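Below is one structure, written out as structure tokens, with a few remarks after it.
Model, not experiment: these values are computed from the prediction. Atoms within each ligand, like the ligands themselves, are counted from 1 in listed order.
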Amino acid sequence: MPIKIKIYLLTILLVFSAVGATFVLQIYQTWEDLKESEYVATLSLAKILDQTITEDYDTLLTDTQQKLPKKEKIHLLNTLLQPVIQRLHLAFPEYGIGFYVRDLNSIVAFAPDFNTKGLKDISSQSKARTVYHTGVPLRFNSYSQTRDALVVATIYPVVRHGKIIGHVWANVAVKDLEKIFKERLTEQLLILLTILAVAIFGTNFITNKYIESIRLFREHVRRLDLNTQDSARFTPELIEVYTEVAEAYSKLATSEKRFRDVANAFDEFVWEIDTEGRYTFLSNKVSEMLGYTPSELLDTFVFDMIYPEHVGYVKREFFAAVQAKRAFINLEFQRLTKNQFFVWQRTSGLPVFDQHNELIGYRGATRDISERKRYEEEIRHLAYYDILTELPNRTTFNRLLHQAIETAQQEHDMTFAIFFVDLDRFKNVNDSLGHDVGDSLLQKVALHLKLHFPATCTVSRFGGDEFIVLLPTPELTKQAASIASKIIHTFTDPIHVQNHVLHLSASIGIACFPQDGHDPVTLIKNADIAMYYAKANGKNQFCFFSHELKQQASEKLELENNLRYALDNQQFILYYQPQVHLGKKQIVSVEALLRWRHPTHGMIMPNTFIPLAEETQLIIPIGLWVMRQACLDFQKWNQLGFVLERVAVNVSSIQFRQPHFVEQVKNILLETKMPPACLELEITESVTVDNINYAIDVMDELRRLGISISIDDFGTGFSSLNYLKNFPINTLKVDRSFIINIEEQTNDLAIIRSIIALAHSLHLNVIAEGVENYHQLCYLSQQKCDMIQGYYFSKPLNEEDLIALLCHPEALPNFPD
Ligand code: C2E
Ligand code: CA
Ligand code: CA
């Protein structure tokens, strides 16, 4: 226990026992005083009476008075004695004082007030009787009716000429006694307390002086070397204190070393700072963490190296803790290392108090949490940003859109726009060049969009090849059309990805707040509808949302649902159009053409639903159905004995470009036991648009299966003639648009001629489609076109009509000579 406390306790003990003893003594004294004064009062009265009453009471009274009735006698005596009684009362105000006359058997005088209640015979009372008989004064406790209180009474006989003539009694009510007692005690207590206070303050003063001198002494000793002569100068007591101090110091040194060892063993660096945030101690670990040695940081402020944006927060937390003298826990901030890197740290500190309970600083530990922060940042990034393109993701965009709507609603007349940007034919890139190229392309496009949209716009990735952009201000919204056409124009330059040169385009749908929707879902949906329309309208363009578009979109949606239904419910049917060989003058093949037999709308032609089937990818299952059905039909005719060389089936480029196409064809051939050579696939040049090599590979595989391939609508597409020689195909199908113009003698004639010549030079068959009249037929025959398809010979026929025609080949119209 510190010496100061010992001294305090001892002093307080002493003072208290002294005060206690004095107090007890005082109580006793007070009590004795009271008793004494009562006795004195009685005695005084007796003495006064002695002087006043020289004779007995009878002689006090005149003769006539003696004959008065008792009651009047008493009154008379009272009047006589009242001055005496009152004098006594003045001397002893607390006391009730009375005079009893034996002969009258009554109290004849009483103070403070004469009270007739007191006029009663008390000779029967045992105590009084004892006094009457013995003449010895008596003190006792009794109940005083006159004072209505418990009293301490004294009865004192008044003796005249050897005869007790009466007695004086004095009493003091216990409650009065208590009052006096308390008053006196309070007085004494106040005095005692004053003494006590003086004693304690004195003690404190003395103790402080004592402690101070010890401290000075220890300070002195600390600076001395025990082994020097100095120690000899000290008294044995001082040497003892000296040893104590020295031991304490060596213990302290050991524990401090232990503390430092422990501190350095932590993952955290341990520190001490003062209440202003100045380092007073740092463990060695700090050099690993910040690159500074502890001594370099000593006396510097914690706040000095904190990341500017975090300083405010750290200061606030720290000084709040100082104010409240409490700990601060888990403050996280970034701090600059000696190498000028920012690292994340987490720090907690406990308050340190001196012996006066004054806060002198903090002690705590700091941990490097950079790695955790990195993970957190990554997770945050993953949640809000698209991994591939680093653009904000759909979640983030939705949040931004919410905010934009809120702001716009607060500020009256505020508008903003969103762009739904979709790459055209991106799927082809992905399917034909692989996901690697697709991913790189998306990254490039993301960057491209970010570069070309105004800086205040937020470009985010919505998914796949869809990007969504927020144009946050009315000014930008006004320029939406020009921004959109500028963006579309930026895609005219090819994009280089890995070793590929890709020609891209984009379709953009635009929706504006508030006219095109009041909530994020509607706005995005409507921008999507507009984009869809831009695509359907030929791609590579933008389109503003309108309510008519929405109408169309919903019709489309209905049609799409109906298409699905049609596929599942056998509403599709195949028509076949004969293909006639000019040399053989007979039908050698048929082309399968799809029809939709709608229960209410009747027969629907493919041009009205194939584009939508392509957009929705429904063309894939539909195309497979066509192929399977055509093979089954062909096999059936074969069994019926109608010998056809081939059946031609149209293959959409969507279908052709999907990765499992060859496998699906193979399966159908196996399933239907169709000889591959009897199946011809009609593809258009568009299959080669994105990746000609991939298209050639697929064609190669199909050819290896034994299947024939013809290029449909030849001449309208944009495939380079250079590539044609590399296509593993069998047939070129001259597009109908050239045939129509045969009569008009236009350039088309030359084109037809060249196509036929080219095909033959590449050993390809040529078929002309859409041949409607004899004139056309003659020209084509003249140019050595191999085959003819068209209304001239036959419209597409249902199976029944086809069989009828096959049964009667003579029904075919004239061939040229
Ligand atoms: P396409 O492959 O060029 O088919 C020829 C189209 O020309 C057919 O129209 C046919 O009825 C029509 N046609 C034939 N001869 C004449 C003629 O002398 N004069 C005129 N004006 N037209 C003639 P259809 O059947 O309406 O088919 C239209 C297009 O629908 C086809 O063009 C084809 O691209 C597509 N299609 C039809 N069936 C399928 C199918 O099963 N799968 C796919 N992917 N597309 C199909
Ligand atoms: Ca065709
Ligand atoms: Ca065609």
Side-chain angles (χ1 to χ4, degrees), residues 563 566-567 571-580 587 589-597 602-634 646-658 661 664-665 668 679-687 708-717 729-743 765-777 779-780 785 787-798 801-802 805 812-813:
L563 267 180
L567 184 63
Q571 290 182 0
F572 288 122
I573 177 176
L574 288 183
Y575 270 50
Y576 291 98
Q577 187 173 31
Q579 297 179 332
V580 176
I587 301 168
S589 158
V590 288
E591 179 184 3
L593 293 163
L594 185 61
R595 301 289 180 266
W596 180 3
R597 216 165 34 186
M603 198 67 86
I604 301 176
M605 300 307 275
N607 285 335
T608 57
F609 63 86
I610 295 276
L612 182 69
E614 288 183 325
E615 275 169 33
T616 56
Q617 309 278 316
L618 269 174
I619 193 64
I620 295 169
I622 292 174
L624 289 174
W625 177 85
V626 171
M627 201 183 294
R628 185 180 294 107
Q629 193 58 45
C631 290
L632 288 173
D633 287 347
F634 183 87
R646 277 180 306 276
V647 61
V649 170
N650 291 289
V651 173
S652 156
S653 58
I654 305 284
Q655 205 184 341
F656 181 88
R657 282 189 296 234
Q658 55 119 0
F661 178 64
Q664 288 165 346
V665 174
I668 287 173
L679 180 65
E680 183 166 66
L681 300 183
E682 294 192 5
I683 56 177
T684 60
E685 290 156 293
S686 67
V687 299
S708 308
I709 298 171
S710 77
I711 300 289
D712 204 355
D713 305 338
F714 189 79
T716 58
I729 54 173
N730 309 73
T731 309
L732 280 188
K733 202 164 181 183
V734 185
D735 191 64
R736 207 183 66 190
S737 56
F738 301 109
I739 312 299
I740 290 171
N741 294 330
I742 284 178
E743 285 111 306
N765 281 322
V766 186
I767 179 167
E769 64 178 336
V771 180
E772 293 186 358
N773 54 49
Y774 189 70
H775 184 76
Q776 292 164 346
L777 177 68
Y779 181 76
L780 291 163
C785 183
M787 302 216 294
I788 300 293
Q789 178 181 349
Y791 292 173
Y792 176 75
F793 284 118
S794 168
K795 290 198 166 187
L797 305 169
N798 63 29
D801 292 342
L802 175 70
L805 181 62
L812 283 177

*Looking only at atom types and distance, does a side-chain atom of Glu685 sit under 3.5 Å from a main-chain N or O of Phe714, one as donor and one as acceptor?*
no
_Which segment of Asp713 sits under 4.0 Å of ligand 1 when only heavy atoms are counted_ = side chain
*Side chain, backbone, both or neither: Leu593 near ligand 1, heavy atoms under 4.0 Å*: both
*Take Leu812 and Leu805 through the side chain to side chain contact (heavy atoms under 4.5 Å, CB included) test and state the conclusion after the steps.*
CA-CA 8 Å; Leu812 283 177; Leu805 181 62; 4.3 Å; yes
_Working to 10°, measure the angle at the Ca ion (ligand 2) formed by atom OE1 of Glu682 and atom OD1 of Asn650._
90°
*Under 3.5 Å, is there a donor-acceptor pair between the side chain of Gln776 and the main chain of Asn773?*
yes
_Using the Ca ion (ligand 2) as the vertex, how large is the angle between OD2 of Asp712 and OE2 of Glu591, rounded to 10 degrees?_
170°
*Taking the non-hydrogen atoms of Gly623, is any one of them nearer than 4.0 angstrom to ligand 1?*
no
*With rounding to the nearest 0.5 Å, note down the distance linking CD1 in Ile619 to CG in Leu567.*
10.0 Å
*Do the rings of Trp596 and Phe572 sit parallel, tilted or perpendicular, given the 30° and 60° boundaries?*
tilted
*Name all residues meeting the side-chain contact (heavy atoms from CB on, under 4.5 Å) criterion together with Glu615; count only those two or more places apart in sequence or in a different chain, and write none if there are none.*
Tyr532, Ala536, Lys556, Leu612
*Side chain, backbone, both or neither: the part of Gln789 lying under 4.0 Å from ligand 1 by heavy atom*: neither
*State whether the shortest distance between N or O atoms of Arg736 and N or O atoms of ligand 1 falls below 3.5 angstrom.*
yes
*Could you grab the distance from atom CZ of Phe793 to atom CE of Met787, nearest 0.5 Å is fine?*
11.5 Å
*What atoms of ligand 1 come closer than 4.0 angstrom to any heavy atom of Asn607?*
28 (C), 29 (C), 30 (O)
*Between Lys795 and ligand 1, which residue portion shows a heavy-atom distance shorter than 4.0 Å: side chain, backbone, both, or neither?*
neither
*Got an N/O contact under 3.5 Å between Leu594 and ligand 1?*
yes
*Report the member of Glu769, Gln655, Glu772, Met605 with the shortest heavy-atom distance to atom 5 (C) of ligand 1.*
Glu769
*In sequence, state the C-alpha distance, the side-chain angles, and the governing distance for Gln664 and Gln658, and then conclude on side chain to side chain donor-acceptor pair (under 3.5 Å).*
CA-CA 10 Å; Gln664 288 165 346; Gln658 55 119 0; 2.6 Å; yes
*Is it the side chain, the backbone, both or neither of Val649 that has a heavy atom closer than 4.0 Å to ligand 1?*
neither
*What atoms of ligand 1 come closer than 4.0 angstrom to any heavy atom of Gly790?*
15 (N), 18 (O)
_Min N/O separation Gln577 to ligand 1 under 3.5 Å_ = yes
*Run the numbers for me: atoms of ligand 1, each under 4.0 Å from some heavy atom of Pro796, listed by number.*
11 (O)
*So, are Glu591 and Lys733 salt-bridged, with charged N and O less than 4.0 Å apart?*
yes
*Heavy atoms only: which of Asn650, Ile619, Ile604 is nearest to atom 42 (N) of ligand 1?*
Asn650
*Counting distance only, does the side-chain N/O of Asn730 pair as donor-acceptor with the main-chain N or O of Ile709 below 3.5 Å?*
yes
*asked:* Suppose we screen for side chain to side chain donor-acceptor pair (under 3.5 Å). Which residues come up paired with Arg628, at least two apart in sequence or across chains?
replied: Glu671
*Check whether any N or O atom of Glu591, backbone or side chain, sits under 3.5 Å from an N or O atom of ligand 1, and answer yes or no.*
yes
